[in-house]
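All values derive from a computational prediction rather than experimental measurement.
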Amino acid sequence: MSVESVVLWLFAALVAWLAYRFFLERRVRRLPYVAPALRHWNDDAPPAVAPAHRICLIGDLGAVSTDGHDPVLNLLRTWLVEAGAQGTVVLLGDNVYPVGLPPAGHPQREAAERRLDIQLDVLREFSGRVVFLSGNHDWNKGRSDGYEYLRAQEAYVREKLPGVQYLPANGCPGPVALPLANGLVLLVLNTQWWVQRGPRPLGPAHGCTATNPKQPFEQLRALLAQYHNQRIVVAGHHPMYSNAVHGGKFTVKQHVFPLTAAHKRAYVPLPGIGSLFPMYRRVVGAAEDMAYPPYRRMRRRLLQVLREAPGAVYAAGHDHNLQYFLRRGVHYLISGAGSKTSFVQPGGRAAFVHEHKGFFTLDYYAGGQLWLHTWQPADATGTRAAPVFSCPLSVEPITPEPAPAGSAG
């Protein structure tokens with residue numbers, strides 16, 4: 001067989017494989033996936049009494065519509081009315097796309113203010129607690145001047161909505177503890193701090209409790225021990241597990257048309273060669289990916305601490321979908337579908353995934369039960385679609401499974 005024949009055969013095999021992968025993807029895109037062990041989730045029901053406290057976890061609202069017809073914001077209004085004073089809404093970062101709140105006079109400043117204002121208007125009449133976190137986009141996508149952008153956004157939010165808690169304050173790494181109800185506590189981390197380039201606040205001069213990059217993990221460990229007999233929710237922007245792009249999962253389109261990552265209309269077919277870009281992001285990582293060395297180190301240390309608190313919940317945004325993982329007794333959530341959606345791969349370690357706009361909520365009951373629910377819009381008016389998943393989050397520890405050599409789990 002000639003070299004040309006071999007090359008043609010390999011190219012045809014590649015095209016066939018990509019076509020098969022594309023067919024499989026089209027079958028599952030935007031459909032909820034539930035792991036086999038939880039397929040009967042609808043058989044259980046939460047307690048018949050009202051929750052003692054409710055938490056809304058919603059991330060990546062930075063691209064919401066500002067015309068009053070945004071489906072997720074209107075759905076959030078519905079949840080806020082239901083929760084009332086016994087509720088806490090946690091915005092998990094990436095509050096303004098694409099670069100946070102630019103300086104006054106910047107050509108994107110006016111649009112950024114509108115994006116923030118529409119969110120603050122929804123939250124203004126809420127009688128419960130509002131907690132803002134920051135994400136990589138709020139720090140000017142991690143660029144060296146990102147700290148200035150973060151401080152500007154924090155000041156703007158506090159001025160427009162004085163009752164809000166923007167945490168950790170001043171861009172510090174945290175953690176910050178917020179008791180929400182008897183037996184329920186929220187711990188907040190600024191995960192962007194560990195992957196940020198340029199100036200980052202540290203030490204008492206900036207109002208930070210930590211004086212070195214490792215100390216926040218020690219402080220988190222101490223807080224988990226302090227509240228060990230309570231239900232604990234830890235919030236940060238970056239996920240610890242993900243079946244989506246930041247976890248190294250890519251679509252066939254991203255393999256064949258890699259230039260669409262830079263421009264959504266750049267449909268230049270590069271089969272084979274195009275796979276180098278997803279491979280790079282999976283192995284080496286862009287600054288927002290789990291493979292990126294600072295992110296990888298932060299994740300490894302945080303997982304080591306969280307695994308000491310079976311039953312705890314870690315909630316993040318960052319990937320634009322809904323995901324739930326149960327790993328070594330700890331519950332990991334991604335609720336980053338506030339204004340965008342992106343591909344999420346079913347199966348693997350995930351207990352539940354869905355490529356759909358919406359958010360997760362947690363209902364806490366006086367007896368100690370904590371229930372996870374999905375909230376997704378049925379239309380632009382705020383009508384809630386039929387739930388596609390809910391379950392109680394167990395506090396029972398799970399026997400640790402051996403992690404692969406060199407892996408954080």
Side-chain angles (χ1 to χ4, degrees), residues 25 28-39 41-42 46 54-64 70-76 78-79 83 89-95 97 133 135 191 233-251 288 290 313-327 330-363 370-379 382-393:
E25 281 180 13
V28 301
R29 289 293 297 266
R30 298 175 180 83
L31 295 177
Y33 165 82
V34 181
L38 296 173
R39 291 279 164 83
W41 63 269
N42 213 17
R54 306 181 70 182
I55 304 175
C56 173
L57 301 162
I58 183 168
D60 301 70
L61 279 169
V64 291
D70 188 88
V72 176
L73 282 184
N74 288 330
L75 181 64
L76 177 60
T78 302
W79 184 90
V89 57
V90 182
L91 291 92
L92 295 164
D94 282 359
N95 309 310
Y97 288 113
L133 280 67
T191 55
V233 179
V234 183
H237 178 68
H238 293 74
M240 297 295 101
Y241 296 95
S242 177
N243 274 11
V245 61
H246 295 309
K249 311 298 184 183
F250 293 86
T251 64
E288 65 270 21
M290 286 185 187
V313 178
Y314 177 81
H318 203 44
D319 272 312
H320 303 148
N321 33 64
L322 301 176
Q323 303 184 53
Y324 165 49
F325 297 80
L326 174 58
R327 305 296 299 164
V330 181
H331 308 277
Y332 298 92
L333 306 177
I334 297 177
S335 187
S339 63
K340 297 182 178 183
T341 62
S342 61
F343 171 74
V344 57
Q345 184 172 295
R349 296 175 170 180
F352 166 80
V353 303
H354 198 192
E355 181 185 345
H356 198 288
K357 286 186 179 181
F359 48 85
F360 280 127
T361 67
L362 297 172
D363 286 354
L370 190 63
W371 275 74
L372 172 69
H373 300 284
T374 55
W375 280 64
Q376 297 172 320
D379 51 43
T383 304
R384 183 185 180 188
V388 294
F389 182 70
S390 68
C391 73
L393 301 185

Is any side-chain heavy atom of [X] closer than 4.5 Å to a side-chain heavy atom of [Y]?
X	Y	value
Leu133	His237	no
Pro46	Asp363	no
Phe325	Pro239	no
Leu362	Leu393	yes

Test ring pair (Phe, Tyr, Trp, His ring centres under 6.0 Å) applied to Phe352 - qualifying residues, sequence neighbours left out: Phe389
His354: partners by ring pair (Phe, Tyr, Trp, His ring centres under 6.0 Å), with sequence neighbours left out: His356
Do any N or O atoms from the side chain of [X] and from the backbone of [Y] form a donor-acceptor pair under 3.5 angstrom?
X	Y	result
Asn321	Thr341	no
Gln323	Asn243	yes
Asp60	Ala337	no
Ser335	Phe359	no

If every non-hydrogen atom of [X] is compared with every non-hydrogen atom of [Y], which pair is closest and at what distance?
X	Y	result
Cys391	Tyr324	SG-CE2, 4.0 Å
Gly62	Ser339	N-OG, 3.7 Å
Val72	Gly358	CG2-N, 4.1 Å

Phe360 and its side-chain contact (heavy atoms from CB on, under 4.5 Å) partner, picked from Leu372, Leu92, Ile334, Ile58: Leu372
CA sep, side-chain torsions, deciding dist, call: Asp94, Leu61, side chain to side chain contact (heavy atoms under 4.5 Å, CB included): CA-CA 7 Å; Asp94 282 359; Leu61 279 169; over 6 Å; no
From CA spacing to verdict: side chain to side chain contact (heavy atoms under 4.5 Å, CB included), Ile55, Val233: CA-CA 10 Å; Ile55 304 175; Val233 179; 4.2 Å; yes
Test side chain to side chain contact (heavy atoms under 4.5 Å, CB included) applied to Leu322 and Gln376, step by step: CA-CA 10 Å; Leu322 301 176; Gln376 297 172 320; 3.4 Å; yes
Separation between CG of Leu326 and OH of Tyr241, rounded to the nearest 0.5 Å: 10.0 Å
Interatomic distance, His373 atom NE2 to Trp79 atom CH2 [nearest 0.5 angstrom]: 11.5 Å
Option among His318, His238, His320 that satisfies the ring-ring contact (aromatic ring centres under 6.0 Å, His included) test with His246: His318
